[in-house]
Amino acid sequence: MRRLPPVLLEDGCPRELISLIRTVLAACKEISFRVGQGALSGVLGSTLDENIQGETQKKLDVLTNQLLKDILLESGYVKAIASEEEDFTVAGNPDAKYIVAFDPLDGSSNTDINSLVGTIFSIMAAPDGADPADPSIFMQPGKNQVAAGYVLYGPSTVLALTTGKGTRFFTLDKTHGTFLLTEDFAKVPEDTSEFAINASNQRHWQPAMQNYINDLIAGDTGPRGRNFNMRWIAAMVGDVHRVLCRGGIFTYPTDTKDPNKPNKLRLLYEANPMAMLIEQAGGIASTGTERIMDIQPDAIHQRVAVILGSKNEVETCLNYHK
Ligand code: AFP
């Protein structure tokens, strides 16, 4: 089986970018080990702190953030980082070419129940001569990403990666500590009978999403004329992985549950990297009104509505929003 660096070299990926991706993955291997140790390493449960977004931090949120932050900043390959668990961006090497935004442990509420979690990352080029301490270097649309991926810590540890030449899966060979190519050019099936949404929020959705989901649930008794199944992992990384593997539609739509927080998922380190992986596998990623990767960000922790997955099903959902 082919290892990650030669695969990326064949794609013509710049050596410095490959080194940066390998640096991210070095941290992910350590995270995979710590997550796998579970209760044995005393890392389950919550801290007493909240992050800037008012969410209680799990011990593993703090630990994985520190791991990624230290290894990236020490590597010299990054000009700056932005993390879900950092209030502000952190400056790195002024001479480095790249900036990295990441969610160190997506779905961390799953840690205590031994369910799926993952690390999501997005890499962009820093503007020439930019000040590493200037957060505006991250205010670039997702279409500027040069690489995006996640590492899913499940029964096996799987990397989904794109550098703009398709989406590939690599599986961590834990004996040798190497990521081996296990699926070249993943393709999201265009049609699906599976949807993923937190249905407990139904009464708070906008009418378009209410109508779309009602029609899915009506199945062969409704206008769709066929039955749909539902899945919800409560970790975007797990839900998106399923969509990449066998198709589906995943959405976290706008809702009115908390007027101060109409959207849940973060643009820079959740929606954008997942959108690039999905588009590179032939799917669609939209907010309901625009392509996610076209959004011009205005804040590091900006949130957006997300509708992504199988092309024909996402288009059907978007028609309800017109
Ligand atoms: P955490 O990382 O705080 O657990 O949040 C995960 C997440 O942002 C995303 O990965 C899930 O799709 C979504 O939240 C789950 O949200 P619900 O709490 O509504 O199930």
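Note that ligands are numbered from 1 as they come in the structure, with each ligand's atoms numbered from 1 the same way. Since the model is a prediction, treat every value here as computed from it, not as a measurement.
- Considering backbone and side-chain atoms together, Asn201 places no N or O closer than 3.5 Å to any N or O of ligand 1.
- In this structure, CG in Asn65 is found 9.0 Å from CG in Leu67, a value given to the nearest 0.5 Å.
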Exercise for review: Apply the test side chain to side chain donor-acceptor pair (under 3.5 Å) to residues Tyr212 and Thr316: give CA-CA distance (whole Å), side-chain angles for both, the deciding distance (0.1 Å), then the verdict.
Suggested key: CA-CA 9 Å; Tyr212 170 67; Thr316 302; over 6 Å; no
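- Between the side chains of Ser32 and Thr157, a donor-acceptor pair is found at a separation under 3.5 Å.
- The protein atom (non-hydrogen) at minimum distance from atom 20 (O) of ligand 1 is Trp232 NE1, 3.0 Å.
- Between Ala235, Ala234, Gly107, it is Gly107 that holds the heavy atom closest to atom 2 (O) of ligand 1.
- Contact annotation for Ile233 and ligand 1: no heavy atom of the residue comes within less than 4.0 Å of the ligand.
- For Phe102 and Phe121, the ring centers are positioned 6.0 Å apart or more.
- In terms of protein heavy-atom proximity, atom 17 (P) of ligand 1 is closest to Asn198 ND2, 3.6 Å.
- Checking only distances, Asp103 never comes within under 3.5 Å of ligand 1, N or O to N or O.
- Looking only at heavy atoms of the protein, atom 12 (O) of ligand 1 is closest to Met236 N, 3.4 Å.
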Point to revise | Test log, rule side chain to side chain donor-acceptor pair (under 3.5 Å), inputs Thr254 and Gln206 | key: CA-CA 7 Å; Thr254 300; Gln206 293 171 332; 4.6 Å; no
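- Set against the non-hydrogen atoms of Leu265, the atoms of ligand 1 under 4.0 Å away are 8 (O), 9 (C).
- For ligand 1, the atoms sitting less than 4.0 Å from at least one non-hydrogen atom of Arg266 are 8 (O), numbered in the order shown with element in parentheses.
- Taking 4.0 Å as the cut-off between side-chain N and carboxylate O, Arg226 and Glu313 count as a salt-bridged pair.
- A cation-pi arrangement is not found for Arg3 relative to Phe179, the charged atom failing to lie both closer than 6.0 Å to the ring centre and inside a 45° cone about the ring normal.
- For the residue pair His176 and Asp173, a side-chain donor N or O sits within less than 3.5 Å of a side-chain acceptor on the partner.
- In this structure, atom 3 (O) of ligand 1 lies nearest to the protein heavy atom Ser108 OG, 4.3 Å.
- Ligand 1 has no atom lying under 4.0 Å from any heavy atom of Glu84.
- Near Ser109, the atoms of ligand 1 lying under 4.0 angstrom from a non-hydrogen atom of the residue are 4 (O).
- Close approach of ligand 1 to Glu270 (heavy-atom distance below 4.0 Å) involves ligand atoms 8 (O).
- Neither the backbone nor the side chain of Arg303 comes within 4.0 Å of ligand 1, counting heavy atoms alone.
- Residue-ligand proximity, Lys264 to ligand 1, at heavy-atom distances under 4.0 Å covers atoms 8 (O), 13 (C), 14 (O), 16 (O), 17 (P), 18 (O).
- Judged by distance alone, the side chains of Thr171 and Thr182 do bring a donor and an acceptor atom under 3.5 Å apart.
- The aromatic rings of His301 and Tyr269 sit perpendicular to each other, their planes meeting at more than 60°, with 30° as the lower class boundary.
- Among protein heavy atoms, atom 19 (O) of ligand 1 sits closest to Tyr252 OH, 2.5 Å.
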